[in-house]
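Each remark here refers to the structure printed beneath this line.
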Number of protein chains: 6
Amino acid sequence: MILLTRRATFSASHYYWNPSWSEQQNEAVFGRCANRNGHGHNYTLEVTVTGTVDPVTGFVVDLKWLKDVIEEQVISVYDHRHLNLEVPEFADSIPTTENIAIAVWNRLEVPVAEAGGAMLSRVRVYETNDIFAEYRGEKGETRI
Amino acid sequence: MILLTRRATFSASHYYWNPSWSEQQNEAVFGRCANRNGHGHNYTLEVTVTGTVDPVTGFVVDLKWLKDVIEEQVISVYDHRHLNLEVPEFADSIPTTENIAIAVWNRLEVPVAEAGGAMLSRVRVYETNDIFAEYRGEKGETRI
Amino acid sequence: MILLTRRATFSASHYYWNPSWSEQQNEAVFGRCANRNGHGHNYTLEVTVTGTVDPVTGFVVDLKWLKDVIEEQVISVYDHRHLNLEVPEFADSIPTTENIAIAVWNRLEVPVAEAGGAMLSRVRVYETNDIFAEYRGEKGETRI
Amino acid sequence: MILLTRRATFSASHYYWNPSWSEQQNEAVFGRCANRNGHGHNYTLEVTVTGTVDPVTGFVVDLKWLKDVIEEQVISVYDHRHLNLEVPEFADSIPTTENIAIAVWNRLEVPVAEAGGAMLSRVRVYETNDIFAEYRGEKGETRI
Amino acid sequence: MILLTRRATFSASHYYWNPSWSEQQNEAVFGRCANRNGHGHNYTLEVTVTGTVDPVTGFVVDLKWLKDVIEEQVISVYDHRHLNLEVPEFADSIPTTENIAIAVWNRLEVPVAEAGGAMLSRVRVYETNDIFAEYRGEKGETRI
Amino acid sequence: MILLTRRATFSASHYYWNPSWSEQQNEAVFGRCANRNGHGHNYTLEVTVTGTVDPVTGFVVDLKWLKDVIEEQVISVYDHRHLNLEVPEFADSIPTTENIAIAVWNRLEVPVAEAGGAMLSRVRVYETNDIFAEYRGEKGETRI
C-alpha cells in the first residue's frame, strides 16, 4: 500500500455569516470575514489516494485520471466562483477551510472508490500558506 | 544606492467588468472573471525602495516603518475587501493585476518620498504564483 | 473529526553544546553547531489541532485565537532570542529541532486543551527548508 | 518518540514503458511519458526516521549522518542518471513516482535500522510540486 | 508602461556534449552533465512583456492569450521531450540554461510583437530552484 | 549578453547595535534586534553575473566554478557564524540586510572579474521570505 497525492488550485470568494445571528454577532465572531461583499483566496488542494501499485503500470491510479476527476468534481464547480452564493453545499454551511475540506472529500470519495484500485485517503485544503485543514473521512484516523 | 524590498499579502475579491459593454461582450473578453458574484485571490505585494545606506543605522529605510506604511496605505484598505465595490480607485478602473500595481504605486509614492532618505522604485503584485505585474512609476525604466 | 493547522515563524539563535563534555568532544559531535558565538535560523512552526467542526461557526477552533495562543506561548518567548541563553527549557536541554518540537508541544498542549473543543495533535518545526521534526505527544502515533 | 525528516534532491531522466506491450498500447496508457528519448524532473525526496531523542545530544539521529546515508544510498545512484537505463531496480520496474518511493525505502530501511537508535518511518518523493508519493514500508499505516 | 509576467513549466531531458571534443574533454568540462543517457529537470519559465495598460480592459495583454502563445511556441515543443534530440535549436547548440533562455526569447519575440500592444521584455528560465538565466534580447539592458 | 544567477544559503546570528549610542537609544531604534545575545536567520543569497554565452560550452560561466567562488568567498566565512563577532567587515558596520548585500558584492566583484568572461551584476540577499536587499555596485543602475 502506498499513498499518492495530486495538488490542484482554485480561486474563489467567500464570507463567513451565520444567518441566525445579528450583524453585530456575526462581526463579533467572524471579524473582517463577515464582510458581505466577500473576499477571496487562491486555495490549494491536496488529494491523496491509497492503494497498491499495479505491477503492470507502476501506478496506484493514473494521475491524469485523478487530475480529471478533481477538475470535474471540484475545480469546475469552485474555481472563479463565490462559494456561498454559487456552490450548493455552502448554501447552508459556512465555507471555512474545515468545511471546504469535508466538502471536497464528499465530492471525491465515491468517484475514487468506484474507479477501483484505490480509495480516497486524505484531503488537505490550504486557504493561505499559513492555514490548512485536513479531512480523512468519518472512519479516518484524526491523530496525525 | 541600494534597493530594499518588503513583501506583504492581502486577500480580496474582484471581478472584471466594463460597464459600457453588454454582458455578452464582457463574458467574451473576460471569461470566468466576468462573474459578478466575484472571485478572489491571496495577493502578494513586493514594495521596493531605493536610497543610500545610512552609515549610522545601516538602513536605507527602517523596515518596521516601511511595513507600517504599506499596512496603513494599502493592506488596511484592500485586505478582506471586494476591490470593485469597496476600494475607491477601482470604482472606475478594472482591478486587473496591472491596475493594482499602479494603484499601489500611487498610494505609496508620496508617503515614501516624504519620509526622506529613499524613493519608491518598484511595485510588484502577484495575483497567483504564476502571474505578476510590475510598475516603476511614470519615469521608471520599463525595460527590465 | 478534522485537523486544522496554523503556521508561524520565529528567528532565533542557538548552539549545540553539552557542558559535561570537553570542547574537543563537543566539536567532534556537533561540528560547526558547537560555535559558542551562536548561529541562527528562521524557524517555521506548524501547529495542528484536532476536533469536530462546530456547525454554528464552521470552526474546529477560531484561527485568530489559535494564532494568539501560539504568539503568547511560543513566539513572544522564542522570537529574536538566543534559545540557549534566554529560553528556560533550553537551560539544560540542547535546542535541536527535535527538542524545540517537544518544547513547543509542552507549551501548547494545556492551553489548547483548556480552551475546549479541540486537542493538540501535532507540532512540526522546520529549522531550514530541508530539516524538520514532528512531535505528537507521549501518546501520539509515531508511525506517520 | 519523535519524527525527524531530511530533504534531498536529484535530477534524473525516465520514461514509462511496458516491454510486454505494443508501442500503441504504451502510448495509449502512458501518453507523452512513453517517449523513449526520455524526459526528466527535479525530484525532491523527504526521508523521515522515528526514534527517541538521545538526552545527551538532543538528536534522534545525527542529521549529517542521515544526509550522508541518503547521498550514498540514493543520490549518488539516481542523480544525473537515466533511471530506466542506469538504476538497477528500474530495469524491470517502471520508475513511476510510486515505484521510486518504494525503491528509496528499500535502499534506506536497512542502513537506517543498522545504525541503531532510529527506524525509517516514511519516504515521500515529489516528481513535481503537484505530484508526490509516500511509502511507509510493508507494515506501515497507509491511512495518513 | 508596465511589466506583466506569466510563469509556465515544462519537464525535459538534456545532456551537455560538444561533438568536436573527445569524451574525456566533455567529461572534464561538463562532469555528470556529459552523461549521454541524459538527465532531466522541471524547468520554470517566466515570460515578461511590457506595454501600456489598455484603459478599456485594464490589460497590457490578455494573460489567457499569453498563456496560449507560450504553450504553442514553447511548452508543446519542449515538454516531455529530450531537448538535444527532439528540439531543433539544440541540434547544434548545447541546451544550457543560458541557451534555453535565448531560444525561448527567439520563439516568443515575434509572436508577442505581432499581436500588437506589447513587446517581449524578459525571459527567465529556472533549471532548479538555485539556478536561473535571464535574456532580454540583443538590445536589452544586461545590467539588472 | 545574458544574466546567470546562482542561489546559496547560510545560517548566521547577528544583532543591531551602534556602539556610539546608549542602550536606550539602541533599543529605541533597533527594537528587538538590539538584543546583544543575538538572534539569527537562514539567509538566501542570489549572485548574478553577466556576460556573453561561450558558443563552445553554452556557458556564461561554469556554474560549478561560480558555486565554489561563492562558497569560498562568502559561505565559508558567514555560515554558522555570528556576523558581528566573527566576520571582519561587520566589526564596524551593522550587519543589516543592506550591508550584507554590499559586503557580499565586495567579496565577489574581483574574483568574478578576474576569472574573465563575466562580470558581477547583482547581489540579492533575503533575510526572510519577506525582506530582501539588492546591490549592483557603485556604477550599477539602482532603478530596477
Side-chain angles (χ1 to χ4, degrees), chain C residues 6-17 23 26-46 71-72 74-91 94-97 99-100 124-133, chain F residues 6-17 23 26-46 71-72 74-91 94-97 99-100 124-133:
Chain C
R6 176 130 214 161
R7 277 195 192 142
T9 59
F10 63 94
S11 296
S13 276
H14 71 162
Y15 55 70
Y16 290 176
W17 190 265
E23 188 171 337
N26 273 289
E27 283 169 3
V29 173
F30 295 128
R32 297 172 309 163
C33 295
N35 175 2
R36 298 298 287 277
N37 289 314
H39 67 281
H41 300 287
N42 303 320
Y43 290 92
T44 298
L45 196 58
E46 289 183 0
E71 173 66 31
E72 185 184 313
V74 181
I75 306 301
S76 69
V77 185
Y78 288 14
D79 190 34
H80 280 68
R81 298 289 174 184
H82 192 302
L83 299 178
N84 303 64
L85 305 183
E86 300 182 84
V87 174
E89 55 264 44
F90 301 119
I94 300 172
T96 57
T97 319
N99 277 337
I100 296 172
R124 182 184 280 199
V125 176
Y126 288 84
E127 187 185 271
T128 66
N129 281 339
D130 293 335
I131 291 172
F132 58 90
Chain F
R6 175 130 213 161
R7 277 193 192 143
T9 58
F10 62 93
S11 296
S13 276
H14 72 162
Y15 55 70
Y16 291 175
W17 189 266
E23 187 171 337
N26 273 290
E27 284 170 3
V29 173
F30 294 129
R32 297 172 311 163
C33 295
N35 174 2
R36 298 297 287 275
N37 289 313
H39 67 281
H41 300 286
N42 304 321
Y43 290 92
T44 297
L45 195 58
E46 289 183 359
E71 172 66 32
E72 187 185 310
V74 181
I75 307 302
S76 69
V77 185
Y78 288 14
D79 191 33
H80 280 67
R81 297 291 174 185
H82 191 303
L83 299 178
N84 303 63
L85 306 182
E86 299 182 84
V87 174
E89 56 264 44
F90 302 118
I94 300 173
T96 57
T97 319
N99 278 337
I100 296 172
R124 185 185 278 199
V125 176
Y126 288 83
E127 187 185 270
T128 65
N129 281 339
D130 293 335
I131 291 170
F132 59 90

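Each chain gets a letter, A, B and so on, in the order its sequence line appears, and its residues count up from 1. This structure is a prediction, so every number in the text was calculated from the model and none was measured.
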Practice item. Report the distance from atom OG of C:S76 to atom CZ of F:R32, rounding to the nearest 0.5 Å. Key: 10.0 Å
Nearest heavy-atom pair of [X] and [Y]: which atoms, and what distance?
X      : Y     : value
C:S11  : F:H39 : O-CB, 4.0 Å
C:E127 : F:N42 : O-ND2, 2.9 Å
F:G40  : C:S13 : N-OG, 3.6 Å

Exercise for review: Decide side chain to side chain contact (heavy atoms under 4.5 Å, CB included) for C:R81 and F:N37; before the verdict, give the C-alpha distance in whole Å, the side-chain angles of both, and the deciding distance to 0.1 Å.
Suggested key: CA-CA 7 Å; C:R81 298 289 174 184; F:N37 289 313; over 6 Å; no
Practice item. Identify the residue among F:E86, F:H80, F:H82 that makes a side chain to side chain donor-acceptor pair (under 3.5 Å) with C:N35. Key: F:E86
